[in-house]
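Predicted model only: the values in this text are computed from it and were never measured. A note on names: the letters A, B, ... follow the listed sequences, proteins ahead of strands, and every chain is numbered from 1.
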Number of protein chains: 2
Amino acid sequence: MTNTKEYIKINCMDCKVKSKPFQKLTAEQMNKVDEHRTELSFKKGELLSKQGMFMSHVIYIRKGFVKLYLENDDDITILTIAKPGTFIGVQALYGEAVFPFSAEALTDVEVCLKDINVFRELVLENSEFAKGIIETLNVDLIKSYNRLFSLTTKQINGRFSELLLYMSNVLYESNPFQLTISRKDMADLISTSPESVSRLMSEFKEQGIIKGQGHTIEILDDIRLDTICKCG
Amino acid sequence: MTNTKEYIKINCMDCKVKSKPFQKLTAEQMNKVDEHRTELSFKKGELLSKQGMFMSHVIYIRKGFVKLYLENDDDITILTIAKPGTFIGVQALYGEAVFPFSAEALTDVEVCLKDINVFRELVLENSEFAKGIIETLNVDLIKSYNRLFSLTTKQINGRFSELLLYMSNVLYESNPFQLTISRKDMADLISTSPESVSRLMSEFKEQGIIKGQGHTIEILDDIRLDTICKCG
DNA sequence: TAATAATTGTGATATACATCACTTTTCTAA
DNA sequence: TTAGAAAAGTGATGTATATCACAATTATTA
């Protein structure tokens, strides 16, 4: 599926970035997972998964940012940016055992691959685990619905404002923050062109809503962003 | 939450439109559900749920079509058209106990309301049930992702072609088919204006891709629709 | 069944944003 | 450290589709 890189095997029990569903596992179940997993690292730009490829493992992100996107010829839609603590593949745990989207490392990334069949067994063996998966899917689904709403009802200055707030509050959780994504990625996130992103950036700086140069952005007027977000 | 209408109580065991997850329940579990449910019917146009309202029950559609949509002031995005056999509310089973979207009856509708706490208990008591819920959410999530892709990368003739095929193959499962949704709804489904839907309809008729008048549509050239769908 | 309202259809016009073309800056690697 | 490539910025132009205005149908209710 993916090219094996380097092994830095730690025991699951001692994992410090354990996901919520995995915290519910018994020692025995944890050991079973341990026996069917692989740790890998990816360099920035490498593909973790390719849309339509056979999915033998669920990918757990331990470190770094990953871009999940749908593609068809030249068209791309970024579904989300996955942060550490996210599973790639649970979105299609049942159904065709195929990755529903492509995933590309936006930074250097460390992951843990868990056998998908072990994953499925855990759903049946441990209902708290299953509940955790449902919770994860609930969150993803509502996010996707809200994205659908935003992309279809707001125009680019609204969507761009939303993106800035998302990056500061959710993705990087800081202000100012250091961009790890390109203008092209920002454009694909809010369904616009890179040129428009550049223009929006300049306009917002001119109006004193944000400042910064290069890869640093600081939000100066988040209230203003919120207003633009809501009222266009 | 919703105004109680008329009772036509049947036993869950004998229900002929039982959902996949509910088929996995034991007799005992089925009885518990039975004790905490209500059957209701809605007239066309009535609201089954209102975005943001407290969600005490999961709504199971037994009969009719329901429009699920997000709203904010005048803006609307239809998330999907729910058919019989669909749950409304599992999308937000955990998290805030609030309806994540509004639901409006597109036809006369019969539903079965199941207590959300019983629903949550079943997830923990019966792992096959939990698995069924995960399967449902998987399908919904992938659908939502594909919608996101379609809406952001295709232009209206492509989206309209997709809609026609969806109505014939998935929603009404017939050709010709009788529309139960308005031009406005069609517009909200593919994120365009009602005027554009009218124009597309005329153009497609002119080109011999579809025919029909009033609320009847017949697809004459589905290969053509498929091509427009993919290539714009 | 007539009267009124709501939905639908169609042409003319407006506009948000993409695309194109080019420059400037930043990154990459020899 | 510099040369070449990639990414980003900016103005000019084009276009898909919304909006507006009004006509024609269809639905609703008195």
Side-chain angles (χ1 to χ4, degrees), chain A residues 43-46 67 73-77 104 106-108 150-164 178-207 210-217 228 231-232, chain B residues 43-46 67 73-77 104 106-108 150-164 178-207 210-217 228 231-232:
Chain A
K43 292 240 169 62
K44 183 180 171 175
E46 290 185 320
K67 170 173 82 177
D73 299 321
D74 285 346
D75 295 324
I76 273 185
T77 304
E104 183 192 312
L106 288 171
T107 59
D108 288 353
S150 175
L151 288 171
T152 54
T153 62
K154 292 176 188 170
Q155 47 198 60
I156 51 167
N157 50 1
R159 305 203 302 264
F160 183 66
S161 299
E162 200 171 68
L163 175 62
L164 288 170
Q178 282 287 323
L179 280 176
T180 57
I181 62 174
S182 65
R183 300 295 138 112
K184 174 78 170 67
D185 285 332
M186 292 170 76
D188 287 338
L189 269 166
I190 60 173
S191 188
T192 188
S193 64
E195 291 94 329
S196 289
V197 171
S198 286
R199 262 183 277 267
L200 284 160
M201 208 74 119
S202 306
E203 282 167 31
F204 278 38
K205 278 176 189 166
E206 220 167 86
Q207 293 184 254
I210 56 171
K211 75 171 183 184
Q213 51 171 350
H215 287 168
T216 313
I217 297 179
I228 300 173
C231 310
Chain B
K43 293 238 170 62
K44 182 180 171 176
E46 290 184 323
K67 170 173 84 177
D73 298 321
D74 285 346
D75 295 323
I76 272 185
T77 304
E104 183 192 313
L106 289 170
T107 58
D108 288 354
S150 176
L151 287 171
T152 54
T153 63
K154 291 176 187 170
Q155 48 198 60
I156 52 167
N157 51 0
R159 305 201 304 262
F160 183 65
S161 298
E162 200 171 68
L163 176 62
L164 288 170
Q178 283 287 323
L179 282 175
T180 57
I181 61 174
S182 65
R183 300 296 138 111
K184 174 77 170 67
D185 285 333
M186 292 171 74
D188 287 338
L189 268 165
I190 60 174
S191 190
T192 187
S193 64
E195 290 95 328
S196 290
V197 171
S198 286
R199 263 184 276 267
L200 285 160
M201 207 75 119
S202 306
E203 282 166 31
F204 278 37
K205 278 176 188 165
E206 223 168 83
Q207 292 183 254
I210 56 173
K211 75 170 182 184
Q213 53 172 349
H215 287 167
T216 314
I217 297 181
I228 301 174
C231 310

Along DNA chain C (nearest heavy atom to each residue), the more 5'-positioned of B:Val197 and A:Arg159
B:Val197
Measure the distance from CZ on A:Phe204 to P on D:dG9 and round it to the nearest whole Å.
14 Å
For the pair made of CG in B:Asp188 and C1' in C:dT7, what is the distance, rounded to whole Å?
14 Å
Determine whether the side chains of A:Thr107 and A:Thr180 contain a donor N or O and an acceptor N or O closer than 3.5 Å.
no
Looking only at C:dT10, D:dT17, D:dA8, the nucleotide nearest the B:Ser202 side chain is C:dT10
Counting C-beta onward and ignoring hydrogens, is there a side-chain heavy-atom pair between B:Met201 and B:Ile210 closer than 4.5 Å?
yes
To the nearest angstrom, the CG-C1' distance between B:Asp74 and D:dA18 comes to 15 Å
Side chain of B:Ser193 (C-beta onward), nearest among C:dG9, C:dA18, D:dT19:
D:dT19
Rounded to the nearest Å, what distance is computed from the NE2 atom of residue A:His215 to the P atom of nucleotide D:dA7?
10 Å
Rounding to a whole Å, what distance do you find between A:Lys184:NZ and C:dA18:P?
12 Å
Protein-nucleotide distance (A:Gln213, atom CD; D:dA8, atom P), rounded to Å:
15 Å
Taking for A:Lys154 and for A:Gly214 the nucleotide of DNA chain C with the nearest heavy atom, the one nearer the 5' end belongs to A:Lys154
Short side-chain N/O contact to D:dA18 OP1/OP2 from B:Ser196, under 4.0 Å:
yes
Of C:dC17, C:dT8, D:dA18, the nucleotide closest to the side chain of A:Thr192 is C:dC17
Can you figure out which of C:dT19, C:dA18, D:dC20 approaches the side chain of A:Arg199 most closely?
C:dT19
Distance check needed: C:dA6 C1' versus B:Asp185 CG, whole Å only.
14 Å
Less than 4.5 Å apart, any side-chain heavy atom of A:Ile228 and any of A:Phe204?
yes
Just to confirm, is there a sub-4.0 Å distance from OP1 or OP2 of C:dG9 to any side-chain nitrogen or oxygen of B:Arg183?
yes
Using a 4.5 Å cut-off on heavy atoms from C-beta on, say whether the side chain of A:Val197 contacts that of A:Leu163.
no
Shortest side-chain distance from B:Gln155, nucleotide among D:dT10, D:dA21, D:dT17
D:dT17
Once you round it to whole Å, what is the distance between P of D:dA27 and CG of B:Leu179?
12 Å
Suppose we screen for side-chain contact (heavy atoms from CB on, under 4.5 Å). Which residues come up paired with B:Asp188, at least two apart in sequence or across chains?
B:Ile76, B:Ile78, B:Lys184
When you measure from the side-chain N and O atoms of B:Ser198 to the phosphate of C:dT8, is any distance below 4.0 Å, counting only OP1 and OP2?
no
